[in-house]
There are 2 protein chains.
Amino acid sequence: MTALQSPFARKLGAFVALSATEITAIDKLHARKKQFPAGRDIVHQGQTNQSAYILASGWACSYKLLTGGTRQIVDFQIPGDFLGLRSVLFRTSDHNIEPVTQLEASEVLASDLLETFSNTPRLATAMLWAASRDEAMVVEHLVGIGRRDAKERTAHFLLELGARLKLVGLGTTSGYDCPLSQYLLADALGLSAVHVNRVLRELREEGLVTFQHGHVEIHDLDALVLLADFDKTYLDHDGPLLK
Amino acid sequence: MTALQSPFARKLGAFVALSATEITAIDKLHARKKQFPAGRDIVHQGQTNQSAYILASGWACSYKLLTGGTRQIVDFQIPGDFLGLRSVLFRTSDHNIEPVTQLEASEVLASDLLETFSNTPRLATAMLWAASRDEAMVVEHLVGIGRRDAKERTAHFLLELGARLKLVGLGTTSGYDCPLSQYLLADALGLSAVHVNRVLRELREEGLVTFQHGHVEIHDLDALVLLADFDKTYLDHDGPLLK
DNA sequence: ATCCTGCACTGAGGCAGATCAGTCTGACCG
DNA sequence: CGGTCAGACTGATCTGCCTCAGTGCAGGAT
């Protein structure tokens, strides 16, 4: 797989039209491929001098732990996503990253990243773009948890995930495979697992969307978008923004 | 006021040691100073080709509106903060920005920003740093709204605000001036104004913190930090990270 | 001097969603 | 082949916070 076809390069290319030199620089970031088993955290809160990773295959989630044992999942990462950018920019990590499935990722050292920025500065701009998109998603989650009720929130979550997966070719408008358990969903949506179960049943019984056996099937996209007050402009745009 | 003394330059300087050329570039971004009255939005959701602003004095808030009329305030901005970065990076804004007080800000056009990045690339890296810090704050709010109860959340909010203001010289460990009404607080914390009032009273009666007449007075920092499970590492670090 | 408006503040009652305490199913295993 | 273990699922009960419907007070307008 060449860099241009890697999900990560495709994502950056959507923001900044990439030159041959820049593609080579991205290639170099992919040098150190590693495998991780599901369930064992690869980054811990408070850990210092941590590497970052570019996710090639599998799903991960980033979460924060509170004293009291509860956790809040901030976001899920899918292939092409950058893991732990903040852990390397600041020297210490403020969150944990746990593989949801077995996963394959390229390790990126802090020095690699800063060197890449200094040699191919447009990639720093591209990363700023990508980070801003991630921030927009976190903001959307914040709004969801603060102001949407359980059903709207769940619907919104499933729609956003679908839109993201479609962008990297892992889903269609009508559905996608999703390895998340209801427990993980609960930790992300700020609900109890019990309630997630109930809400999923309601959405299913109303003929909007089915999430069973690791597969999400969207039956009535329009009704779902309406229910969730979903606006995908924050994920989407056409063509590189910087030539 | 020279750029080095402007809160914005001070903030970027905390991430990347700035050269004379870079300081001049920041100076140029401050060329177009503007005034805005309190209460009238300066950026609207869905607006395209919007400028960004560097806040020189006064407070603002960024929020999202939901169909249904409720809003969620995502964050407050204080002097030195960058307003509407996402509105210029993506061509359309996904949020609103409202001045909380009368404010003074320098307008930054999308072209100015991209030109600055291309001429002084290290500033793109510095902005990536600043944006990541902002994201860390949004993540902290997400965790707060998802997993902290009203009292913890309010305490955490007041502590974070204090830490941020201290960094730009507008507050001390024992207190700071704060022009936010309980209604604004409610919109930010995902509570009703009524409940904010109750929580503030409880915090006051327990001798932890007083918020009255536009001033926050922290009486028992340690107890407050304990209650809120507050960890300021995500805001703090010593010295530029990139020489 | 009084009215008016905005903000702080209070109590009663209701509901969304949590918690508890289970059952049921299918996958894996010795 | 039964044992066990994780995840999906359910009903009963509890609770945090909201909503509604107010009062009190200060500063500015008339």
Side-chain angles (χ1 to χ4, degrees), chain A residues 37-40 59 61 66 68-73 98 100-102 144-158 177-206 209-217 227, chain B residues 37-39 59 66 68-72 98 100-101 144-158 177-206 209-217 227:
Chain A
R40 255 239 323 295
W59 291 43
C61 68
L66 302 192
T70 59
R71 71 169 177 175
Q72 174 70 47
I73 291 181
E98 180 188 314
V100 170
T101 66
Q102 142 106 326
I145 289 191
R147 296 292 169 194
R148 280 188 258 261
D149 70 20
K151 209 154 130 188
E152 295 165 356
R153 206 184 305 168
T154 308
H156 193 279
F157 177 84
L158 293 176
D177 287 326
C178 173
L180 306 175
S181 74
Q182 297 187 346
Y183 291 89
L184 284 170
L185 237 58
D187 281 344
L189 296 171
L191 300 170
S192 66
V194 176
H195 207 62
V196 166
N197 183 279
R198 260 188 271 269
V199 168
L200 287 177
R201 177 166 48 76
E202 283 172 43
L203 290 173
R204 194 185 327 125
E205 284 171 359
E206 288 167 20
V209 58
T210 309
F211 180 5
Q212 272 174 329
H213 316 301
H215 188 78
V216 174
E217 194 69 36
L227 169 68
Chain B
W59 291 43
L66 300 194
T70 59
R71 71 170 178 175
Q72 173 71 47
E98 179 188 314
V100 170
T101 65
I145 289 191
R147 296 292 169 194
R148 281 188 258 260
D149 69 21
K151 207 153 133 190
E152 294 165 358
R153 207 182 306 168
T154 307
H156 193 279
F157 177 84
L158 293 175
D177 288 326
C178 174
L180 306 176
S181 75
Q182 296 187 346
Y183 292 89
L184 284 169
L185 236 57
D187 281 344
L189 295 170
L191 301 170
S192 67
V194 176
H195 207 62
V196 167
N197 183 279
R198 252 191 279 268
V199 169
L200 287 178
R201 177 166 47 76
E202 282 172 42
L203 289 174
R204 192 184 332 122
E205 285 170 0
E206 287 168 20
V209 59
T210 309
F211 180 4
Q212 272 173 330
H213 317 300
H215 188 78
V216 174
E217 193 69 38
L227 168 68

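Every chain is numbered from 1, with letters handed out A, B, ... down the list of sequences. These numbers come from a predicted model, not from an experiment. Note: hydrogens, waters and symmetry copies are ignored here, and every other heavy atom, side chains too, is used.
- Within the structure, every side-chain polar atom (N or O) of A:Q212 is placed at least 4.0 Å from both OP1 and OP2 of C:dG26.
- Salt bridge annotation for A:E202-A:R198: absent, with no cationic side-chain nitrogen under 4.0 angstrom from a carboxylate oxygen.
- Residue B:S192 places its side chain closer to D:dT19 than to any other of D:dT19, D:dA8, D:dC17.
- Rounded to a whole Å, the CZ atom of B:R153 is 13 Å from the P atom of D:dG16.
- Closest to the A:D149 side chain, of the nucleotides D:dC18, C:dG17, C:dA18, is C:dG17.
- For A:H195, whose side chain is taken as the heavy atoms from C-beta onward, the closest listed nucleotide among C:dA18, D:dT10, D:dC17 is C:dA18.
- At D:dC9, one or more side-chain N or O atoms of A:R204 fall inside 4.0 Å of OP1 or OP2 (strictly under the cut-off).
- Here A:Q182 reaches the OP1 or OP2 of D:dC9: one of its side-chain N or O atoms lies under 4.0 Å away.
- Neither OP1 nor OP2 of D:dG11 sits under 4.0 Å from any side-chain N or O of A:R198.
- Regarding A:F211, its CZ atom lies at a distance of 8 Å from the P atom of D:dA8, rounded to whole Å.
- Look at B:E98 and B:R71 and you find a salt bridge, because one of the NZ, NE, NH1 or NH2 atoms lies within 4.0 Å of a carboxylate O, short of that distance.
- Of the candidates D:dG7, D:dC18, C:dC9, C:dC9 carries the atom nearest the B:N197 side chain, counting heavy atoms from C-beta on.
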